[in-house]
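Beneath this line is the structure, given in structure tokens, with notes to follow.
Just so you know, these numbers come straight off a predicted model, no measurement behind them. When reading the values below, keep in mind they use all heavy atoms of this one structure, side chains included, and skip hydrogens, waters and symmetry mates.
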Amino acid sequence: MAVNGRRSVVDEAIDDIRQRIRQGEWGLGDRIPPEPELGKALGLSRAPLREALRALVHAGLLVTRQGDGTFVAAVDEQEIALRKGFQDADPFEAVEVRRSLDVPAAALAAQRRDKADLDKLEDALHRRRAAAEARDDEGFRAADIDFHRAVVDAAHNQLLAGIYGSLAANIDGAWTSAAGLDRAAHAGHDNHDDLFEAIRDGSVQDAMLVAGAILDNQAHDLENK
């Protein structure tokens with residue numbers, strides 16, 4: 001969109017919006033401000049603003065929902081590329097990829113977690129168990145994903161969190177199983193409780209072992225579907 005080697009207003013608007021997303025002004029799934037408010041913040045008139053938004057929707061960073069607004073669909077282009085690779089992933093391959101991320105993330109979380117991290121983990125753990133006991137499949141899957149994302153967040157590695165976020169967003173259908181829900185519903189204490197305790201207590205080795213055991217269970221569940 002450059003003219004005579006000079007960057008256009010639209011190009012600059014695209015970069016500005018992209019940068020705001022990367023810096024966390026609007027997170028994944030957040031609704032960005034309506035056009036009048038956004039145009040004022042960026043110093044743009046309606047036409048170039050709409051052109052910039054259309055370009056970002058086309059690129060996959062934003063998504064427009066009719067009558068509801070425009071939302072952040074990805075944090076950066078790396079996430080978009082990962083999403084395409086994860087779509088329709090083989091469940092066993094997804095478990096293998098998770099193993100390469102979950103185990104080291106658990107180790108880092110045991111070393112780096114703070115009180116806010118532990119509060120997030122405990123909240124997700126409670127929601128997970130409550131959903132399991134209520135036989136709420138959707139609530140259970142959402143809470144389970146939130147728990148594992150909280151483990152990764154506790155590792156305090158932004159690149160790892162970005163990769164994991166894309167994974168969770170695109171293979172959530174294969175994330176949990178009926179057997180996993182049964183284990184959580186009937187066991188007074190399961191591997192997820194053990195993982196929380198290992199991270200809370202700063203036990204790196206235990207955290208790694210339990211994270212691996214959770215994925216062993218998931219692989220076993222897939223084999224016995």
Side-chain angles (χ1 to χ4, degrees), residues 79 82-83 85-133 137 139-225:
E79 185 173 339
L82 286 168
R83 178 183 300 156
F86 290 142
Q87 286 174 347
D88 301 320
D90 177 274
F92 289 97
E93 290 187 357
V95 171
E96 289 175 354
V97 172
R98 279 193 61 192
R99 193 181 300 277
S100 71
L101 299 173
D102 283 47
V103 174
L108 290 172
Q111 299 173 64
R112 300 175 178 176
R113 81 283 180 272
D114 56 27
K115 185 180 184 304
D117 295 322
L118 293 175
D119 288 343
K120 281 174 59 180
L121 285 163
E122 196 163 21
D123 174 70
L125 199 58
H126 288 325
R127 288 188 287 111
R128 182 180 181 275
R129 182 172 300 283
E133 292 173 351
D137 291 348
F140 177 75
R141 181 163 53 250
D144 191 71
I145 292 172
D146 285 348
F147 176 81
H148 289 286
R149 279 183 164 178
V151 172
V152 174
D153 288 343
H156 294 280
N157 181 309
Q158 290 186 354
L159 181 58
L160 177 60
I163 294 171
Y164 203 84
S166 294
L167 178 68
N170 290 284
I171 64 166
D172 63 343
W175 201 274
T176 58
S177 65
L181 188 150
D182 286 338
R183 279 193 297 272
H186 298 302
H189 192 100
D190 71 10
N191 282 340
H192 289 70
D193 298 286
D194 292 334
L195 180 55
F196 168 74
E197 291 171 3
I199 291 171
R200 180 196 63 197
D201 297 342
S203 178
V204 173
Q205 191 65 29
D206 286 347
M208 294 174 68
L209 289 172
V210 177
I214 288 172
L215 291 164
D216 289 341
N217 283 338
Q218 188 169 7
H220 181 267
D221 294 343
L222 287 171
E223 290 171 353
N224 290 278
K225 266 190 173 182

(request) Show your reasoning for whether salt bridge (charged side-chain N to carboxylate O under 4.0 Å, His left out) applies to R127 and D123. (result) CA-CA 6 Å; R127 288 188 287 111; D123 174 70; 3.0 Å; yes
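- Applying the 6.0 Å contact sphere to CD of E133 captures more than 12 heavy atoms from other residues, nucleotides or ligands.
- For residues 156-165, no residue pair satisfies the salt bridge (charged side-chain N to carboxylate O under 4.0 Å, His left out) rule, not counting sequence neighbours.
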(message) I'd like to know whether H148 forms a side-chain contact (heavy atoms from CB on, under 4.5 Å) with I214, so could you lay out the CA-CA distance, the side-chain angles of the two residues, the decisive distance to 0.1 Å, and finally the verdict.
(response) CA-CA 11 Å; H148 289 286; I214 288 172; 4.1 Å; yes
(request) Given side-chain contact (heavy atoms from CB on, under 4.5 Å), test H192 with D144 step by step and report yes or no. (result) CA-CA 9 Å; H192 289 70; D144 191 71; 3.2 Å; yes
(request) Tell me, with the steps shown, if Q218 and L215 meet side-chain contact (heavy atoms from CB on, under 4.5 Å). (result) CA-CA 5 Å; Q218 188 169 7; L215 291 164; 3.8 Å; yes
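- Using a 3.5 Å distance cut-off with no hydrogens or angles, the side chains of D102 and Y164 do pair a donor with an acceptor.
- Formation of a donor-acceptor pair under 3.5 Å by the D114 side chain with backbone atoms of D117 is found in this model.
- Using a 4.0 Å cut-off between charged nitrogen and carboxylate oxygen, D193 and R129 count as a salt-bridge pair.
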Name the atoms and distances for all side-chain donor-acceptor pairs under 3.5 Å in residues 195-203, with sequence neighbours left out.
from : atom 1 : to   : atom 2 : distance (Å)
S203 : OG     : D206 : OD2    : 3.0

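- Smallest separation of non-hydrogen atoms from D153 and A161: OD1-CB, 4.0 Å.
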(request) Show the numbers, then the answer: is there a salt bridge (charged side-chain N to carboxylate O under 4.0 Å, His left out) between R141 and D137? (result) CA-CA 6 Å; R141 181 163 53 250; D137 291 348; over 6 Å; no
